[in-house]
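Read through the structure below, which is laid out as structure tokens, and then see the notes.
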Amino acid sequence: LTVPGVAGKAERMAWWARLVVQAMIPVGRAVAQAWQEALARARSGNLANEAAKSMRKRVMSTEEAMQILEATEPKAAEANFQRMFEANDPAKGGSFYLQSKIVAARDRLAAPRTTSQSSSSSS
């Protein structure tokens, strides 16, 4: 590649080197700033809290469980569970994901109903 106003090979190489260095300065500054922000967050102790918040499991509601099992009452939910569980058996070409959702729905209906208010008021 020719550079206007630059004659020799050594001069062209030096020109390209300066260009690369000048282009890397903003990138280096951005990396340094990101590093400082990450270090500040880690020192503040909020890093563990942020990680814990992102890892919390979403609890399935009773209504959602009934909807998954296509039932309006618990007795019908158990009968539908058996049918749907067998229909989604991966060994028979069914979906493991759907079968997992069906099991989670049955477990949610079988679990005693708890609220975060009752557990926090007992503390």
Side-chain angles (χ1 to χ4, degrees):
L1 295 170
T2 60
V3 179
V6 179
K9 183 177 180 181
E11 291 175 352
R12 281 195 307 268
M13 294 300 288
W15 185 87
W16 281 107
R18 282 192 303 271
L19 179 69
V20 168
V21 168
Q22 290 297 317
M24 292 304 294
I25 289 173
V27 172
R29 286 182 182 151
V31 168
Q33 183 180 0
W35 180 265
Q36 288 174 348
E37 289 173 5
L39 190 59
R41 267 192 320 206
R43 286 183 179 157
S44 71
N46 289 337
L47 194 60
N49 291 338
E50 290 174 18
K53 285 179 185 176
S54 68
M55 293 176 63
R56 286 190 183 130
K57 291 174 73 174
R58 187 182 72 81
V59 177
M60 182 183 294
S61 68
T62 304
E63 293 78 19
E64 184 181 5
M66 294 292 276
Q67 186 177 14
I68 288 171
L69 294 174
E70 299 175 353
T72 55
E73 57 185 39
K75 289 181 183 179
E78 185 59 35
N80 288 351
F81 166 78
Q82 291 297 332
R83 177 182 53 81
M84 296 171 100
F85 185 83
E86 292 172 10
N88 286 290
D89 185 3
K92 298 176 184 175
S95 167
F96 178 75
Y97 173 76
L98 290 177
Q99 195 177 46
S100 298
K101 291 293 273 186
I102 292 164
V103 169
R106 187 222 28 210
D107 291 347
R108 176 62 184 109
L109 293 176
R113 186 165 205 160
T114 59
T115 62
S116 58
Q117 292 175 346
S118 64
S119 62
S120 62
S121 63
S122 63
S123 302

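What you see is a predicted model; the values in this text were computed from it and never measured. Just so it is clear, the values below take in all heavy atoms, side chains as well, and ignore hydrogens, waters and symmetry mates.
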For [X] and [Y], which heavy atoms make the closest approach, and how far apart are they?
X      : Y      : result
Ala71  : Ala76  : CB-C, 3.9 Å
Ile102 : Phe81  : CG2-CD1, 3.4 Å
Ala65  : Ala105 : CB-O, 3.5 Å
Met66  : Leu109 : SD-CD1, 3.6 Å

Stepwise, does the side chain to side chain contact (heavy atoms under 4.5 Å, CB included) test hold for Arg108 with Ile68?
CA-CA 11 Å; Arg108 176 62 184 109; Ile68 288 171; over 6 Å; no
Taking atom CD of Gln67 as the centre, does the number of heavy atoms from other residues, nucleotides or ligands within less than 6.0 Å exceed 12?
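No, not enclosed.
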Do the non-hydrogen side-chain atoms of Arg106 and Met84 ever get within less than 4.5 Å of each other?
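No. Closest side-chain heavy atoms not under 4.5 Å.
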Would Val103 end up clustered with Met60 when hydrophobic side chains under 4.5 Å apart are linked, directly or stepwise?
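Same cluster: Val103 reaches Met60 through Ile, Leu, Val, Met, Phe, Trp or Tyr contacts under 4.5 Å.
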Is Val20 reachable from Val27 through a run of hydrophobic residues whose side-chain heavy atoms are each under 4.5 Å from the next?
yes
Calculate, to the nearest 0.5 Å, the distance between atoms CH2 and CG belonging to Trp35 and Leu39 respectively.
7.0 Å
Could you walk me through whether Asn80 and Arg83 pass side chain to side chain contact (heavy atoms under 4.5 Å, CB included), step by step?
CA-CA 5 Å; Asn80 288 351; Arg83 177 182 53 81; 3.6 Å; yes
